[in-house]
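Down below is the structure, laid out as structure tokens.
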Amino acid sequence: MFIELVEWFARNGRPLPWREPDTSPWAILVCEVMSQQTPVARVLPAWEEWMKRWPTPRDLAEASPSEVLIAWGNLGYPRRALRLRECGGVVAKEYGNQLPREREKLLTLPGIGPYTADAIIAFAYRERSVVLDTNIRRVLARALAGEELPPKSLRKAEVARAEELVPDDGELAAQWNAAVMELGALVCTAKNPKCELCPIAEECQWLQHGRPANAAPRKAQGFEGTHRQARGKIMAALRKTPTGLSRTELVAESGLSEVRFAPALESLLEDGLAQTHRGRVTLPR
DNA sequence: TTCCGGCCTA
DNA sequence: TAGGCCGGAA
């Protein structure tokens, strides 16, 4: 399985700039955080500009929150932009501006959870780690367990199953993780997978069993999204006018009704994504 | 309109 | 361990 996947990756992997060997660990961290929520096509230009502007953790930490939020633009989930900046501050102060390599230390950094820590260990430091993002989880669920999709939350058994496949050698482990992830992104997709292009189709339990649908289909998103959407509209208005707006102007600019506006603004203030300043609402200074 | 995701909180 | 957080593609 290793050879098939790594050879497939060598031929079919996308030439993404952060895969260049001279990419710094910090640049890879930035890319991972951006990619947590956003398709590669939109991360690409944002990452290029971001790294040119703030090449090291300290550079980012020294920028103001409002600058950072404006540069983050519409990448989504702006709390993560603030956490990334805080993360830069911790790395600058506690680790001499060098991203640590130990998993336990990475996990203490703001905005860095198990997936991102493992991805950094693999892709920045080329050391062995068990990377489990949704792409990899889906590929393994299909190939090994014959299931269409993995469960929502990670169980120990799933980690153990993945662990067995990761090579001992760090460089080979990094290649394995990258190859499985890319297969999930390009071929073994959630919908309409291209099994005819899959290098491990012969071994895939899911394909051999006729691609059965998941036992319990994921429940529909329903009616949510309105609050998040309202937050997004307010953030967009604040990015557009960094000098700030009166509350009345902000209601108008966001196009929200008062009943949607009020709780959304309140939650943004609580999250530190906005602040009030002499009767005006602004991005955090 | 529906779908996607890693971190964090409760 | 489930649910909230964002925006754009399909």
Side-chain angles (χ1 to χ4, degrees), chain A residues 28-46 68-87 90 103 106-123 129-139 141 148-159 162 177 181 184-186 188-194 213-214 216-240 254-256 260 263-274 283:
Chain A
I28 288 173
L29 180 152
V30 171
C31 164
E32 289 299 339
V33 171
M34 289 179 170
S35 305
Q36 282 168 13
Q37 64 210 28
T38 307
V40 164
R42 275 196 294 144
V43 166
L44 213 49
V68 169
L69 287 169
I70 290 167
W72 192 256
N74 60 0
L75 288 180
Y77 294 125
R79 290 192 294 192
R80 294 180 183 189
L82 292 187
R83 288 198 200 115
L84 185 57
R85 175 176 171 275
E86 288 165 28
C87 178
V90 176
R103 190 171 194 274
L106 290 168
L107 287 173
T108 67
L109 297 171
I112 307 302
Y115 162 72
T116 307
D118 289 328
I120 289 165
I121 290 165
F123 305 136
S129 73
V130 183
V131 180
L132 283 173
D133 76 331
T134 50
N135 283 320
I136 294 181
R137 294 185 65 208
R138 186 174 57 248
V139 170
E148 184 189 21
L149 297 169
K152 273 198 277 282
S153 50
L154 201 52
R155 309 288 177 90
K156 281 183 183 172
E158 196 188 331
V159 180
N177 284 313
M181 194 180 292
L186 300 182
C188 193
T189 48
K191 285 187 191 169
N192 307 315
K194 303 174 180 67
N214 240 36
R218 295 178 165 187
K219 89 165 179 227
Q221 189 128 27
F223 219 54
E224 286 93 74
T226 50
H227 185 61
R228 284 180 311 195
Q229 185 189 29
R231 287 169 53 107
K233 286 180 193 292
I234 294 172
M235 288 303 293
L238 292 175
R239 287 197 303 268
K240 217 168 96 185
S254 64
L256 294 166
R260 287 185 67 199
L265 177 59
E266 191 182 351
S267 72
L268 290 172
L269 292 169
E270 272 172 26
D271 287 346
L273 285 164
L283 292 173

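Values below: every heavy atom of this structure, side chains too, minus hydrogens, waters and symmetry copies. Here is the naming used below: chain letters follow the sequence lines, and residue numbers restart at 1 for every chain.
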For this session: Under the side-chain contact (heavy atoms from CB on, under 4.5 Å) rule, collect the residues that match up with A:Pro110, sequence neighbours excluded.
Result: A:Arg83, A:Glu86, A:Cys87, A:Val90

Problem set entry | Proximal nucleotide (of C:dG8, B:dG5, C:dC5) relative to the A:Asn74 side chain | C:dG8

For this session: Could you tell me which residues satisfy salt bridge (Lys or Arg N to Asp or Glu O under 4.0 Å) with A:Arg79, sequence neighbours excluded, listed by chain and number?
Result: A:Asp271

Exercise. Given atom CG of A:Leu273 and atom P of C:dC5, what is their separation to the nearest angstrom?
Worked result: 11 Å

Exercise. Under the side-chain contact (heavy atoms from CB on, under 4.5 Å) test, which residues partner A:Ala122, sequence neighbours left out?
Worked result: A:Ser129, A:Val131, A:Asn177

For this session: Assign A:Asp271 to base, sugar-phosphate, or nothing according to its heavy-atom contacts below 4.0 angstrom with the strands shown.
Result: nothing

Problem set entry | Length of the line joining A:Leu75:CG and C:dC5:P, which is rounded to integer Å | 19 Å

Exercise. When you match A:Lys191 and A:Leu132 each to their closest nucleotide on DNA chain B, which lands nearer the 5' end?
Worked result: A:Lys191

Problem set entry | Side-chain donor or acceptor of A:Arg42 paired with backbone N/O of A:Leu75 under 3.5 Å | no

Problem set entry | For atom CZ of A:Arg42 and atom C1' of C:dA10, their distance in whole Å | 13 Å

Problem set entry | Qualifying residues under salt bridge (Lys or Arg N to Asp or Glu O under 4.0 Å), relative to A:Glu158, sequence neighbours excluded | A:Arg137

Exercise. To the nearest angstrom, how far is A:Gln229 atom CD from C:dC5 atom C1'?
Worked result: 13 Å

For this session: Could you work out which one of C:dC5, C:dT1, B:dC4 sits closest to the side chain of A:Arg155?
Result: C:dT1

Problem set entry | Partner residues of A:Lys240 under the salt bridge (Lys or Arg N to Asp or Glu O under 4.0 Å) criterion, sequence neighbours left out | A:Glu253

Exercise. Sub-3.5 Å donor-acceptor pair from the side chain of A:Thr189 to the main-chain atoms of A:Ala185, do we have one?
Worked result: no

Exercise. A:Met34 has an atom CE; how far is it from atom P of C:dG7, in whole Å?
Worked result: 15 Å

Exercise. How many Å lie between CD on A:Glu148 and C1' on B:dC3, as a whole number?
Worked result: 14 Å

For this session: Among C:dG4, B:dG5, B:dC3, find the nucleotide with the atom closest to the side chain of A:Tyr77.
Result: B:dG5

Problem set entry | A:His227 side chain near C:dG4 phosphate (N/O to OP1/OP2, under 4.0 Å) | no

For this session: Identify whether any heavy atom of A:Leu154 sits under 4.0 Å from a base atom; if not, whether one sits that close to sugar-phosphate; answer base, sugar-phosphate or nothing.
Result: nothing

Problem set entry | Atom-pair distance (CZ on A:Arg228; P on B:dG5), nearest Å | 13 Å

Distances for protein N or O near nucleotides 7-10 of chain B N or O, under 3.5 Å:
{"residue": "B:dC7", "atom": "OP1", "partner": "A:Gly113", "partner atom": "N", "Å": "2.7"}
{"residue": "B:dC7", "atom": "OP1", "partner": "A:Gly113", "partner atom": "O", "Å": "3.1"}
{"residue": "B:dC7", "atom": "OP1", "partner": "A:Thr116", "partner atom": "N", "Å": "3.0"}
{"residue": "B:dC7", "atom": "OP1", "partner": "A:Thr116", "partner atom": "OG1", "Å": "2.7"}
{"residue": "B:dC7", "atom": "OP2", "partner": "A:Pro114", "partner atom": "N", "Å": "3.4"}
{"residue": "B:dC7", "atom": "OP2", "partner": "A:Tyr115", "partner atom": "N", "Å": "3.2"}
{"residue": "B:dC8", "atom": "OP1", "partner": "A:Gly111", "partner atom": "N", "Å": "2.6"}

For this session: Specify the separation, in whole Å, of atom CD of A:Glu270 and atom C1' of C:dG4.
Result: 13 Å

